[in-house]
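The structure appears below as structure tokens.
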Protein chains: 2
Amino acid sequence: MTGSDAQNLARSATKVRTLADLAKIAGVSPGTVSRALAGNSLVNAKTREKIEAIAREHGFRPNQMASKLRRQKTGVIGVAIPLGHDVRQQISDTFFMTLLGHLADELTEKGYDLMLRRVIPAQDEDWLDRFIGSGMVDGVIVIGQSDQFERIDDVADGYLPMVVWGNHQEGQRHCVVGSDNRLGGKLAAERLIASGAKRLAFLGDTQPIEFAARYAGAKEVAKKLGVSIRALPTHLAPDRTGEEIAAHLGKIEGEIDGIFAATDTIAVTCLKELRDRSIAIPSQLKVVGFDDLPISSQTAPPLTTVRQDIAAGAKGLVDLLLRRLNGEDTESLVLPPHLIVRETA
Amino acid sequence: MTGSDAQNLARSATKVRTLADLAKIAGVSPGTVSRALAGNSLVNAKTREKIEAIAREHGFRPNQMASKLRRQKTGVIGVAIPLGHDVRQQISDTFFMTLLGHLADELTEKGYDLMLRRVIPAQDEDWLDRFIGSGMVDGVIVIGQSDQFERIDDVADGYLPMVVWGNHQEGQRHCVVGSDNRLGGKLAAERLIASGAKRLAFLGDTQPIEFAARYAGAKEVAKKLGVSIRALPTHLAPDRTGEEIAAHLGKIEGEIDGIFAATDTIAVTCLKELRDRSIAIPSQLKVVGFDDLPISSQTAPPLTTVRQDIAAGAKGLVDLLLRRLNGEDTESLVLPPHLIVRETA
DNA sequence: TTTACTGTTGCAATCGATTGCAATCGGACT
DNA sequence: AGTCCGATTGCAATCGATTGCAACAGTAAA
């Protein structure tokens, strides 16, 4: 590889770091180099080729920071994950992480980079303003409203390019993409009741508004159909969930015959606890989850659950954000959840 | 809230966007404002307070891009996830996503931001150089070597601040943090054999070097103990894994009595397929996984597996990277995996 | 030969914060 | 009163790419 060696030598000999360096070698002005590399301007084809060749040879890449400063845009979208209720929640929450993966795909495809920031609002009042005002991002996607609904709503008034994954409330001011949690809750309760359950329980934290909406939907159906329902507070921190569920089950065993879990993660843990207690599913107790994670089809027995379309959600978030970056004031997007019937209810 | 209103009015009336704007209001020079806000310089206490007050009142934040340009550092660490073998692999790979979560925590704690980029090397030869040369990041963490070992190794020669999650090879040039996959493979095989298995199979793709090392470790033990072992190629794409495993099982049912799955994700799917075929675990067939994901303790039966310490891995990655940012040429870090005995072997 | 025009290129200002160096001021000391 | 010192502050260059405008060359038309 003599050619390659020579090239490497040349590369290290004359270090080309700036447009100006390259311009000197090419015998043109920095401006011309800039235009040539940008490709879109009116540069002579031959000049452009020559400049491109030199750039390639020296492995030159224009400094992004200078470029971004000058052009007043970063090409970066900030993705914030506020950890409000359970600090350790989302670390292992497959749902959020999968959403993040899809977001990364969508943004990459549209030519944006993704800056990830996990924030703990309790320790940092100012997280959203800081993120937005940092000048590092052109727009922001917030994954999960957590307990920050008010703050997000306030910021939304003065900052257009922000889209939030979460629940849609009547009269809210920020643009949100998310499933119809209330409807999902209804679907779950309907299924449980249709399977014969008469004393329901909701397993999960009812503080976050997404979960509150799921519970509310289930309650509405239960009420209409004359069935009881109660909430059993359960956290999402992976090391606590198991014990909490066990405690609940110990206390109320026999008092309920249908469980609506706030997420599949909780449902899966619940299934295991029930298995350990040799409670037959679904004959003795019915279970419905929420999310339809990949694991959910592989539990024993396979989990009946309410599916959220994560890919569509990510696409929606990015799509709306890009439109907002163009100045459009978009409406929220509410996605319909779907009941996936398997064997637990 | 009249005070607040007045403040808002003032805020919108005189828009303070730059140091210079603020300097004019404060009646000092931009340089002084810069120093005052940076906090670390020799600015008169009273001046500083006044400047800080004005900044707070107007919600002023210095432009990061300008700052980064001038200081020649970004405070951003790039995290790249190359998708080499299965493009859709990591989207749902809990392990990588959890690692990412921990990385975000660690980096945040150290005052760095995290820029996430998912790359498909097959479509983008130049991904690593582009990321590094973009001028957007001070350093890079690569999650998974995928099939990019050579490329990463090449880049490592000329670029210090890079750390990679993956497998450590004899004589490699890039700094890596990862589990001792070979040892993990040994532990798994030993356990299977100790449980009575005599005809082993490795379930997974043997191309990625992490998996190859796991398989190699298992093979070594099998050979030493006079036990057979074969590889059953299985992809990680969630929608294909199931079928592939089913096909394998259909073909070789009865010919094997011990399965070492390359990851817990595969093991969980495998468990389900075995359940569907009413194969008794562990009496008829023993299974050992790799990773010890949260789900793994909740399968039926609970999965015996080899644990990787994700949190320690993330800490190691960040720690080594920061030292490299200080110019130190660090050694690789190999973490010992641990066998977690549950009920599948 | 002059005028007009088109296609390229160079010049220089600009984005906004940082920082080395020089200037200034008040006070202390001789 | 004159000199010196330390604490602050201002000045101006700098980071590197972008871009409006002017300048230029070359060609075609008059």
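These values consider heavy atoms only, across backbone and side chains, with no hydrogens, waters or symmetry-generated copies. Note on naming: letters A, B, ... go to the chains in the order of the sequence lines (proteins, then strands), and numbering restarts at 1 for each one.
Across all their heavy atoms, B:F96 and B:I143 have their closest contact at CD2-CG2, 2.9 Å.
Remark: A:S34 is in phosphate contact with D:dT18, judged by side-chain N or O atoms under 4.0 Å from OP1 or OP2. Between B:T47 and the phosphate of D:dT9, there is a side-chain N or O to OP1/OP2 separation shorter than 4.0 Å. Contact annotation: A:T32 side-chain N/O to C:dT8 OP1/OP2 distance is not under 4.0 Å. One finds no side-chain N or O of B:R70 lying less than 4.0 angstrom from the OP1 or OP2 phosphate oxygen of C:dG16. Between A:S29 and C:dG10, a side-chain N or O to OP1/OP2 separation shorter than 4.0 Å is present.
Taking only side-chain atoms of B:Q72, from C-beta outward, the nucleotide of C:dA17, D:dG16, D:dT18 with the closest atom is D:dG16. When distances are taken from the side chain of A:A66 to each of D:dG16, D:dT9, C:dA17, the shortest belongs to D:dG16.
Using a 4.0 Å heavy-atom criterion, one finds that B:V28 contacts the sugar-phosphate atoms exclusively.
The distance from atom CG of B:L42 to atom P of C:dT18 is 15 Å, rounded to the nearest whole Å. In this entry the distance linking CD of B:Q64 with P of C:dC15 reads 19 Å, nearest Å. As rounded to whole Å, 17 Å separates atom P of C:dG16 from atom CZ of B:R61. Spacing between atom CG of A:L19 and atom P of C:dT9 amounts to 16 Å, rounded to whole angstrom units. When the P atom of C:dA13 is taken as reference, atom CG of A:L69 falls 17 Å away, rounded to whole Å. The separation between A:N63 atom CG and D:dT18 atom P is 9 Å, rounded to whole Å. As a whole-Å value, the separation of A:M136 CE from C:dG16 C1' is 15 Å. As rounded to whole Å, 13 Å separates atom P of C:dA17 from atom NZ of B:K68.
Contact check for B:L322 versus B:L325: side-chain heavy atoms found under the 4.5 Å cut-off. Between A:D319 and A:L333 the shortest side-chain heavy-atom distance does not fall below 4.5 Å.
Map B:R71 and B:N44 each onto its nearest nucleotide of DNA chain D; the residue landing nearer the 5' end is B:N44.
Between the side chain of A:R324 and the backbone N or O of A:T330, at least one donor-acceptor pair lies under 3.5 Å.
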Derivation and outcome, salt bridge (Lys or Arg N to Asp or Glu O under 4.0 Å), residues A:R117 and A:D124
CA-CA 13 Å; A:R117 197 178 278 196; A:D124 180 10; over 6 Å; no

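Checked against B:M162 for a side chain to side chain contact (heavy atoms under 4.5 Å, CB included), the options B:L320, B:L321, B:I152 give a single hit: B:I152.
At a cut-off of 3.5 angstrom, the base of C:dG10 holds at least one donor-acceptor pair with the side chain of A:R35.
Rounded to 10°, the helix from C:dT1-D:dA30 to C:dT30-D:dA1 has 60° between the axis fitted to its first five pairs and the one fitted to its last five.
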